[in-house]
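The chain is numbered in sequence order, starting from 1.
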Amino acid sequence: MKTLLSVLSLIISISAFSQQTLNIFIITTDGFRWKEVFFGADSLIINDPRFVKDIALSKELFWEEKMEERRKKLMPFFWNTVARSGQLYGNRQLKNRVNNKNLYRISYPGYNEIFTGYADPFVIKNSPVNNKNINILEYLNALPAYNGKVVAFTSWDIFPFIFNKKRNSLNINSSYILTGSDDSSTIINKVQNSIINKTGTRHDLLTFVSAKDYIQSNHPRVVMISLGETDEFAHQGRYDLYLQQANSVDRMIAELWYFVQTDSFYKDQTTFIITTDHGRGARHTNWTTHNMIAKGSGDAWLALLGNGIEPLGEMRSAEKLYLNQVAATVAALLG
């Protein structure tokens, strides 16, 4: 069995950070393409009535002729704040690449790779099977400095198996699991209980407000938030909703960053790592899917912001990073 310690050499191979940090937030949005991060709305897809119900309105919301304005319209926090004060990796047009190391290009193998540092060739399905590999969250939670201060909030209900909660008793709030017992948690739980057609992926907004409520009350040091509706809407072939959700994810991260920078526990002592678990089909005819054979499915991206991160903006160097480097980068940032 591979362990995290065997891959500590796989730290991101650039001057990504200049010093250690005290707190880490790892945020993922499932199956969100690098193309939308760096180019904004795709002209071919947003004009295709198969994927957009109201083309005129969607373009009013998310379209600009100039690429720089278009991407900022879709993801203003990324391009006003991260690009100014942090780092963005994965613009393949600039030969700056971020890739899956695993061959399967689906979610369970992708998240296993991110959080264990190991592209396990035997993790091949999105099934509720407990992961044998040790992940960075349980590794940190076992250390005295972080014990009880590590938490994960996820939209997708497979995460307790990916993180093997049965083995390590990590604090994981996944899918429609109810939150704490204070007044705000009671309200969130009432909303969760009111959802009639629950699926395996909780609404991202509920995941986010549950996470933020917990963070405000408990001040954990390591936080993982995984949002899932970008992938859900993409599989439904709803590019309009996919763009809307990406815009919402950008806004949620902005709100969380504002909280962090105005809270004395976190201010200037916290680092955000933001990424995705896999890519999607690169062509406008197959953007809805991702797998071993759909070209583009292994293309990812990565954003870094916060304490210790050099403000280098959009990375323009020709290099190739892999998602299996994230876990060791977290460990290095935390010393």
- Considering the options Y111, Y118, F115, which one meets the side chain to side chain contact (heavy atoms under 4.5 Å, CB included) requirement together with N135? F115
- Task: Mind listing the closest non-hydrogen atom pair of N126 and P109 along with its distance?
- Result: OD1-CD, 4.0 Å
- Message: If we count only N and O atoms by modelled type, under 3.5 Å, do the side chains of N141 and N168 hold a donor and an acceptor together?
- Response: no
- Message: Quick test of your reading of the model: are E36 and R280 salt-bridged, counting only N-O distances below 4.0 Å?
- Response: no
- Measure the shortest side-chain to side-chain distance between I195 and L206 over non-hydrogen atoms and say whether it is less than 4.5 angstrom. yes
- Query: Hey, are N307 and T21 close enough side-chain-wise for a donor-acceptor pair under 3.5 Å?
  - Reply: yes
- Heavy-atom pair with the smallest gap, counting every atom of S226 and T28: OG-OG1, 2.9 Å
- Message: Ignoring hydrogens, what is the shortest heavy-atom contact between F265 and P220? Give both atom names and the distance.
- Response: CE2-O, 4.1 Å
- Item | Within-4.5 Å side-chain heavy-atom neighbours: S174 and K165 | no
- Item | Close side-chain approach of R105 and I293, heavy atoms under 4.5 Å | no
- Message: If you compare all heavy atoms of S58 against all heavy atoms of D240, which two are closest, and at what distance to 0.1 Å?
- Response: OG-CB, 3.6 Å
- Item | Value rounded to 0.5 Å, distance of OG1 in T289 from CZ in R283 | 10.5 Å
- Query: For atom CZ of F259, is the number of surrounding heavy atoms from other residues, nucleotides or ligands below 6.0 Å larger than 12?
  - Reply: yes
- Task: Classify the angle between the aromatic ring planes of W257 and F77 as parallel (below 30°), tilted (30 to 60°) or perpendicular (above 60°).
- Result: tilted
- Should the ring pair H235 and H290 be called parallel, tilted or perpendicular, given that the plane angle runs from 0 to 90° and is split at 30 and 60? tilted
- Task: Find out whether F208 and L256 are in side-chain contact, i.e. whether some heavy atom of one side chain is under 4.5 Å from a heavy atom of the other.
- Result: yes
- Task: Pick out which of V129, N133, I106 makes a side chain to side chain contact (heavy atoms under 4.5 Å, CB included) with V123.
- Result: N133
- Message: Would you call the rings of Y242 and F32 parallel, tilted or perpendicular, taking 30° and 60° as the class edges?
- Response: tilted
- Message: For a 4.5 angstrom cut-off between non-hydrogen side-chain atoms, does E138 reach R167?
- Response: yes
- Using the side chain to side chain donor-acceptor pair (under 3.5 Å) rule, collect all pairs that involve residues 291-301, keeping only residues at least two apart or in two chains. R92-D299
- Query: Do other residues, nucleotides or ligands put more than 12 heavy atoms under 6.0 Å from K95 NZ?
  - Reply: no
- Query: Between F159 and F163, what is the ring plane arrangement, given parallel below 30°, perpendicular above 60°, and tilted in between?
  - Reply: tilted
- Query: With sequence neighbours left out, what residues match K125 under side chain to side chain contact (heavy atoms under 4.5 Å, CB included)?
  - Reply: S127
- Message: When you compare the side chains of R202 and Q192, does any donor N or O come within less than 3.5 Å of an acceptor on the partner?
- Response: yes
- L304 side chain near T271 side chain, heavy-atom distance below 4.5 Å: no
- Message: As an exercise, state the distance from CD1 of I45 to OG1 of T288, rounded to the nearest 0.5 Å.
- Response: 9.0 Å
- Item | Heavy-atom side-chain proximity of W34 to N91 below 4.5 angstrom | yes
- Note on the structure: Scanning both residues in full, the closest heavy-atom pair of N247 with P76 reads ND2-CD, 4.0 Å
- What residue pairs, at least two apart or across chains, pass ring-ring contact (aromatic ring centres under 6.0 Å, His included) with a residue in residues 46-65? F51-W287
- Check the pair M252, I27 against side chain to side chain contact (heavy atoms under 4.5 Å, CB included), reporting the backbone distance first and the verdict last. CA-CA 11 Å; M252 286 185 273; I27 305 167; over 6 Å; no
- Item | Side chain to side chain, I273 and L333, heavy atoms closer than 4.5 Å | yes
- Just by distance, with hydrogens left out, do S107 and D277 show a side-chain donor and acceptor under 3.5 Å apart? yes
- L140 and V330: CA distance, side-chain angles, deciding distance, side chain to side chain contact (heavy atoms under 4.5 Å, CB included) verdict: CA-CA 10 Å; L140 292 170; V330 170; 4.2 Å; yes
- Query: When you look at Y214 and N171, which way does the side-chain hydrogen bond (donor to acceptor under 3.5 Å, both in side chains) test go after all the steps?
  - Reply: CA-CA 11 Å; Y214 182 92; N171 187 356; 3.1 Å; yes
- Note on the structure: Minimal heavy-atom distance between A294 and N286, with the atoms involved, is CB-ND2, 4.0 Å
